[in-house]
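Below is one structure, written out as structure tokens; comments come after it.
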Amino acid sequence: MRVLAAEVKNHLNTEVEVKGWVQAIRTGGSIAFIDLRDVSGHVQCVVAKKENASIFEELRTLSRESVIEAKGKAVESQAKQGYEIQVNKFKILNKSLAPLPLGVVDMVDSDIETRLENRFLDLRKPKILSIFKVQDTISRAVRQYFHQNGFIEVRTPKIVAAATEGGTELFPVKYFDRSAYLSQSPQLYKEIMMSAGFDRVFEIAPAFRAEEHNTTRHLNEFTSIDIEMSFVDDEEAMRVLEEVIKVSSKMVIEENSKELELLGITSPKTDYSFKKISYAECVKIANDKGIKVDDGEDLSTPALKAIGEGLNEFYFITRWPRKLKPFYVQPFDEKYSRGFDLQFGEVEITSGAQRVHNPEILIKNLEAKGLNVESFEFYIKAFQYGMPPHAGWAIGLERLTMVLLNLQNIREATLFPRDRTRITP
RNA sequence: GCCCCGAUAGUGUAGUGGCCUAUCAUACGAGUCUGUCGAGCUCGUGACACGGGUUCAAAUCCCGUUCGGGGCGCCA
């Protein structure tokens, strides 16, 4: 019966069997130690030559990162962990080649490129694994929250006929004898689900953007956590968003203390204030800090840096000018909209809004943005037979992971990032 | 789409026209060692991305190619 490395301490003075990777080998003339690592952690295994010469020989000639199974008695010892396994049975399940393309526990760090090229090895590092354990907690927390609050999980098509929002570039795909695109966002479909009467939906799914951006916060394929709610306004959507983030960071703190420590997050913040700053205020703040922004112009990265400076904190930017937001965003007045962004420092985490629910206004907005109304017919139709008022938003899972863990590059928060130059591994 | 930068052993680096037969660490290999845990010690293997040019002389300067990193725009 296999025991995980982290569980060995609960089986002292009994025979245990562990399976995993040989992380380190330290040999003396007649005693050999190996650190065996699995998903839970690592444990020291020891063999003395005089007690078992053949195992001793086999152990000392192993290559690092080979996969083995070892049986023996778990005992208290002078090992750093306070216990170890005295191996009496041992089997190599698969040898590793040497030297390794990158060291799993070496003193020297590798470049991000080397790491991503050899991601299977990079991911063996307990610290890197921790990122994805935390990401798992986040997605579990948001799912749990949604299910507890009346949301239905849905799946919308990722192959679409045309651009949904304009603006961003799409990846074309061949669809039999027609051309189609990879979906940039489930926006139109989750709104149609409001017309369908599902009341509240969420979807956690990939989104594809064909922009040739080359930054530490953009991916060409990312995971979008999308929601849409009927009969609510922008304020309620922001309240739900705030709760979702609080609930997930709380669960991370509760369940991932070991991982947070490995990642160097010693005192995770819990009391985010979720201040609301209007677009107009943001323009003023940026200009006061010497970053010129004209009223009505989009907030540039330097402007967002100035606004987010020193704010190690989530905050909303609300009341965006209508002309800066997509056609489906509900107007607030002549000039402003009910669209909002959630920022963490300079990074945009979420974009959301109360949506237009009146089909005439929708058509007017489409025309005003220069979009082809005909190609949105399937969508507009859903508005013409009883569409409730609704609001929603989308969070980038990788971006959320990134800011909660203070990662410097979004690729760190993705197993196999798809960026400007990478489609493999 | 625009702009900037980089490429030296498996990994990460030093190097600024001659002292480079290329530094150091780590990894790897051999040896040594009964309690290691970043093991120690001895010895060894191993690299200037590719192509052209300048020069008496190029890792170093120039041009091109390839690969990569980053900033802006845009966005999650």
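Residue numbers begin at 1 in each chain, while the letters A, B, ... track the order of the sequences.
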- [ ] Would you indicate whether A/Glu76, at its atom CD, is surrounded by more than 12 heavy atoms from other residues, nucleotides or ligands within a distance under 6.0 Å?
- [x] no
TODO: Determine yes or no for a side-chain-to-main-chain donor-acceptor pair under 3.5 angstrom, with A/Lys305 supplying the side chain and A/Ser300 the backbone.
DONE: no
- [ ] Counting heavy atoms from C-beta on, name the nucleotide in B/C74, B/G68, B/G12 closest to the side chain of A/Thr301.
- [x] B/C74
TODO: State the pairing partner of B/C67; accept Watson-Crick or G-U wobble contacts with both distances under 3.5 Å, and report none otherwise.
DONE: B/G6
TODO: Considering only atom C1', compute the distance from B/A22 to B/U36 and round it to an integer number of Å.
DONE: 36 Å
Open item on the list: Please name the nucleotide paired to B/G46 by Watson-Crick or G-U wobble geometry with both distances under 3.5 Å, or report none.
Closed with: none
Hey, what are the protein-to-nucleotides 4-10 of chain B N/O distances that come in under 3.5 Å?
from  : atom 1 : to       : atom 2 : distance (Å)
B/G10 : O2'    : A/Leu100 : O      : 3.0
B/G10 : O2'    : A/Pro101 : O      : 3.3

Task: Salt bridge present between A/Glu203 and A/Arg155 (N-O < 4.0 angstrom) - done: no
Open item on the list: If I take atom CD in residue A/Glu412 and atom C1' in nucleotide B/G70, what distance separates them, rounded to the nearest angstrom?
Closed with: 15 Å
Open item on the list: Using the P atom as the point on both nucleotides, what is the distance between B/C41 and B/C37, in whole Å?
Closed with: 11 Å
Open item on the list: Could you tell me how far apart A/Lys305 (NZ) and B/C74 (P) are, to the nearest whole angstrom?
Closed with: 14 Å
- [ ] Select base, sugar-phosphate, or nothing to describe what A/Asn214 touches, counting heavy atoms under 4.0 Å on all strands.
- [x] base
Task: B/G70 OP1/OP2 closer than 4.0 Å to side-chain N/O of A/Asn409 - done: yes
Task: Distance, P atom - from B/G10 to B/A49, rounded to whole angstrom - done: 12 Å
Open item on the list: Between B/U55 and B/G1, how far apart are the two P atoms, rounded to whole Å?
Closed with: 38 Å
Open item on the list: In whole Å, I'd like the distance from the CG atom of A/Leu219 to the P atom of B/G70.
Closed with: 11 Å
- [ ] Apply the test salt bridge (charged side-chain N to carboxylate O under 4.0 Å, His left out) to residues A/Lys246 and A/Glu242: give CA-CA distance (whole Å), side-chain angles for both, the deciding distance (0.1 Å), then the verdict.
- [x] CA-CA 6 Å; A/Lys246 281 181 173 165; A/Glu242 186 175 329; 3.0 Å; yes
Open item on the list: Taking B/U65 as the reference, what is the distance to B/C2 when you measure between their P atoms (whole Å, please)?
Closed with: 14 Å
Open item on the list: Taking atom types as they are modelled, would you say the side chain of A/Lys49 forms a donor-acceptor pair with the base of B/U34 within the 3.5 Å cutoff?
Closed with: no
Open item on the list: Would you say A/Arg217 places a side-chain N or O within less than 4.0 Å of OP1 or OP2 belonging to B/G71?
Closed with: no
Task: Any A/Lys325 side-chain nitrogen or oxygen under 4.0 Å from OP1 or OP2 of B/C75 - done: no
Task: Rounded interatomic separation in angstrom, taking CG from A/Leu59 and C1' from B/U34 - done: 15 Å
Open item on the list: Please pick, from B/A76, B/U11, B/G70, the nucleotide with the shortest atom-to-atom distance to any side-chain atom of A/Ser110.
Closed with: B/U11
- [ ] Could you check how far CG of A/Asp109 sits from P of B/U26, rounded to whole Å?
- [x] 15 Å
- [ ] Select base, sugar-phosphate, or nothing to describe what A/Arg411 touches, counting heavy atoms under 4.0 Å on all strands.
- [x] sugar-phosphate
Task: Quiz item: A/Arg399 side-chain donor-acceptor pair to B/C75 base, under 3.5 Å - done: yes
Open item on the list: Nearest whole Å is fine: how far is B/C75 C1' from A/Met402 CE?
Closed with: 13 Å
Open item on the list: Return the pairing partner of B/U60 with a 3.5 Å limit on both distances, Watson-Crick or G-U wobble; otherwise return none.
Closed with: none
Task: Phosphate OP1/OP2 of B/A76: any A/Ser185 side-chain N/O under 4.0 Å - done: no
TODO: List the steps, then state whether salt bridge (charged side-chain N to carboxylate O under 4.0 Å, His left out) holds for A/Asp288 with A/Lys284.
DONE: CA-CA 6 Å; A/Asp288 286 352; A/Lys284 187 171 181 303; 3.1 Å; yes
TODO: Would you mind building the protein contact string for nucleotides 35-42 of chain B? One character per nucleotide, 5' to 3', B for base within reach (heavy atoms under 4.0 Å), S for sugar-phosphate only, - for untouched.
DONE: BBBBB---
Task: Closest to side chain of A/Asp111, choosing from B/C75, B/U13, B/U34 - done: B/U13
TODO: For A/Ile395, report the nucleic acid contact type (base, sugar-phosphate, nothing); a contact means any heavy atom under 4.0 Å.
DONE: nothing
Task: Distance-only donor-acceptor test (3.5 Å): side chain A/His218, base B/C74 - done: yes
Open item on the list: Roughly how many Å apart are B/A57 and B/G18, using the C1' atom of each and rounding to a whole number?
Closed with: 6 Å
Task: Rounded distance in Å - CD (A/Glu117) to C1' (B/U11) - done: 14 Å
Task: Ring centers of A/Tyr145, A/Phe202 separated by less than 6.0 Å - done: no
Open item on the list: Could you identify the nucleotide paired to B/G73, looking across every strand shown and requiring Watson-Crick or G-U wobble geometry with both distances under 3.5 Å?
Closed with: none
Task: Sugar-phosphate, base or nothing in reach of A/Leu397, heavy atoms under 4.0 Å - done: nothing
Task: Residue A/Thr215, side-chain atoms from C-beta onward, closest of B/G71, B/U13, B/G68 - done: B/G71
Open item on the list: Once you apply a heavy-atom cut-off of 4.0 Å, does A/Asp341 come out as touching a base, just sugar-phosphate, or nothing?
Closed with: nothing
- [ ] Searching all strands shown, indicate the nucleotide that pairs with B/U54 (Watson-Crick or G-U wobble; both distances under 3.5 Å).
- [x] none
Open item on the list: Does the structure place the NZ or CZ of A/Arg319 under 6.0 Å from the centre of the six-membered ring of A/Phe332, at an angle of no more than 45° from the ring's axis?
Closed with: yes
- [ ] Please state the P separation for the pair B/C24 and B/G51 - nearest whole angstrom.
- [x] 28 Å
Task: For A/Ala303 against A/Ala286, the heavy-atom pair lying closest together - done: CB-CB, 4.0 Å
- [ ] Specify the closest pair of heavy atoms between A/Lys125 and A/Val104, including all atoms of both residues, with the distance to one decimal.
- [x] CG-O, 3.4 Å
Open item on the list: Please find the pair of heavy atoms, one from A/Thr61 and one from A/Glu58, that lie closest to each other, and give the distance.
Closed with: OG1-O, 3.2 Å
Open item on the list: For A/Tyr181 and A/Phe208, I'd like to know if the aromatic rings sit close, meaning centre-to-centre distance below 6.0 Å.
Closed with: no
Open item on the list: Once ring-ring contact (aromatic ring centres under 6.0 Å, His included) is applied, do any residues pair with A/Trp320, and if so which ones, sequence neighbours excluded?
Closed with: A/Tyr279
TODO: Quickly work out the A/Arg418 CZ to B/C75 P distance and round it to whole Å.
DONE: 24 Å
Task: Nucleotide forming a Watson-Crick or wobble pair with B/A25, both distances under 3.5 Å - done: B/U11
Task: Atom P, compared across B/A25 and B/A14: separation rounded to whole Å - done: 15 Å
Open item on the list: Taking the basic N atoms (NZ, or NE/NH1/NH2) and the acidic carboxylate oxygens, is any pair closer than 4.0 Å for A/Asp106 and A/Arg64?
Closed with: yes
